[in-house]
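Have a look at this one.
It should be emphasised that the depicted structure is a prediction, and the values quoted were computed from it without experimental measurement.
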Amino acid sequence: MSVVSHVGAFMRTQVEGAGSSIALLLRSGTALVAVPKRIRFILDQMFVVGVRPLPVTLFVAVFAGMILSLQTGIELRNTGTHTVIGNIIALSMCREMGPFITGVILAATVGSRMAAELGTMTVSEEITALEVMSIDPVRFLVMPRIVGLAIMCPILTVFANAVGILGGSIIAEVHLDISFAFYMNSVQESLTEQTGMFPKDVWVGIIKAIVFGIAIAVVGCSAGLRASGGALGVGQAVQSAVRNSILLIIVLGYIITWFFFYFLI
């Protein structure tokens with residue numbers, strides 16, 4: 001019975017957290033009418049969540065592209081088809097790797113930061129003080145963070161895609177004897193199918209990044225607002241925010257890929 005009770009308590013906590021996050025997302029959606037009044041704070045959040053994580057994102061992306069090119073190129077060279085490495089790297093980075101890498105990095109850096117900030121404000125009763133002054137914490141604190149991350153996550157993803165493709169070109173030229181010009185021609189050919197303003201695979205990755213950004217911000221803010229128990233509670237909120245954000249990125253990434261490539265494209 002002790003095991004059953006612990007499992008039940010864990011499941012109840014997870015369901016309550018999911019319900020709280022969904023409710024926070026809906027409340028943030030209704031708070032979008034206040035965007036013009038909070039534009040300065042949104043710009044501050046865009047700098048914090050977009051500019052500061054940029055070096056780490058680019059560093060990870062370039063090595064991800066190099067690793068992907070090296071591992072895939074070695075196997076393709078054994079079959080004599082290594083000349084298509086540019087196509088593979090471009091599609092992999094734009095569809096999956098770019099949004100995923102960016103999302104995980106932002107979950108670890110920005111999501112944890114949001115959970116820590118709001119968690120500290122919650123346990124120190126600053127959130128309660130805002131409510132006493134008739135200031136909506138969702139409109140004042142949460143909505144700008146969600147908007148800022150939803151804008152900057154796809155921008156970082158585009159940079160990650162470009163840097164990852166360039167990293168793959170280095171390996172292709174050094175280890176696979178594929179010239180940079182030939183590699184970039186392959187990349188261009190693989191991304192030529194247009195759907196709207198951008199190539200199909202690029203805009204699907206951008207949509208993923210927008211969804212990832214919203215999910216990370218909502219989960220981080222929700223965990224912070226539900227924190228309790230002092231410093232220990234803040235630490236647990238940060239841990240929960242990072243863990244749940246990464247799990248959501250994996251699940252949502254699969255769902256979006258399945259939806260677009262099996263139903264709309």
Side-chain angles (χ1 to χ4, degrees), residues 5-31 38 41-42 44-50 52-53 56-57 100-133 135-153 156 209-253:
S5 64
H6 283 302
V7 172
F10 174 79
M11 295 299 298
R12 179 177 178 179
T13 301
Q14 297 304 312
V15 171
E16 289 177 349
S20 176
S21 298
I22 294 173
L24 184 63
L25 176 61
L26 297 177
R27 290 180 61 189
S28 300
T30 61
R38 302 290 294 157
F41 192 65
I42 291 175
D44 291 339
Q45 289 299 312
M46 289 173 62
F47 175 80
V48 171
V49 305
R52 291 181 178 176
V56 178
T57 304
F100 178 77
I101 290 171
T102 305
V104 170
I105 292 174
L106 292 180
T109 56
V110 177
S112 60
R113 179 191 180 98
M114 291 181 180
E117 288 177 347
L118 296 185
T120 302
M121 295 178 69
T122 300
V123 298
S124 61
E125 299 185 351
E126 293 180 43
I127 301 296
T128 304
L130 290 176
E131 294 173 344
V132 169
M133 293 185 292
I135 298 176
D136 184 8
V138 174
R139 179 175 296 192
F140 188 73
L141 297 173
V142 177
M143 182 272 294
R145 286 173 165 81
I146 294 176
V147 173
L149 194 51
I151 294 173
M152 295 308 299
C153 189
L156 287 177
I210 295 173
V211 175
F212 292 168
I214 295 173
I216 293 168
V218 170
V219 171
C221 292
S222 176
L225 293 175
R226 289 183 289 109
S228 60
L232 179 61
V234 174
Q236 292 174 344
V238 172
Q239 181 186 41
S240 174
V242 175
R243 179 193 63 216
N244 294 340
S245 296
I246 294 176
L247 292 177
L248 265 180
I249 288 170
I250 296 172
V251 174
L252 292 175

Trace of the side chain to side chain contact (heavy atoms under 4.5 Å, CB included) decision for V147 with R38
CA-CA 10 Å; V147 173; R38 302 290 294 157; over 6 Å; no
Return the set of residues passing salt bridge (Lys or Arg N to Asp or Glu O under 4.0 Å) with R226 (not counting sequence neighbours), or none when no residue passes.
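Here no residue qualifies.
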So do S28 and V218 actually touch side chain to side chain, heavy atoms under 4.5 Å?
no
Which residues satisfy the side chain to side chain contact (heavy atoms under 4.5 Å, CB included) test with I135, sequence neighbours excluded?
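If we apply the side chain to side chain contact (heavy atoms under 4.5 Å, CB included) test to I135, skipping adjacent residues, the hits are L130, M133, F140.
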Side chain to side chain contact (heavy atoms under 4.5 Å, CB included) against L248, all qualifying residues, sequence neighbours excluded
A215, V219, L252
Once salt bridge (Lys or Arg N to Asp or Glu O under 4.0 Å) is applied, do any residues pair with R243, and if so which ones, sequence neighbours excluded?
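For R243 there are no salt bridge (Lys or Arg N to Asp or Glu O under 4.0 Å) partners, ignoring immediate neighbours.
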What residues, two or more places apart in sequence or in another chain, satisfy side-chain hydrogen bond (donor to acceptor under 3.5 Å, both in side chains) together with R113?
E117
Residues forming a side chain to side chain contact (heavy atoms under 4.5 Å, CB included) with I250, sequence neighbours excluded:
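Result, side chain to side chain contact (heavy atoms under 4.5 Å, CB included) vs I250: F100, I246.
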Under the side-chain hydrogen bond (donor to acceptor under 3.5 Å, both in side chains) rule, collect the residues that match up with E131, sequence neighbours excluded.
none
Name all residues meeting the side-chain hydrogen bond (donor to acceptor under 3.5 Å, both in side chains) criterion together with R52; count only those two or more places apart in sequence or in a different chain, and write none if there are none.
none
Is it the case that the side chain of S240 and the backbone of Q236 share a donor-acceptor pair, with hydrogens and angles ignored and the cut-off at 3.5 Å?
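It does not hold such a pair.
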Residues that Q239 engages under side chain to side chain contact (heavy atoms under 4.5 Å, CB included), provided they are two or more places apart
none
What pairs with D136 under side-chain hydrogen bond (donor to acceptor under 3.5 Å, both in side chains), at least two apart in sequence or on another chain?
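side-chain hydrogen bond (donor to acceptor under 3.5 Å, both in side chains) list for D136, sorted by chain: R27.
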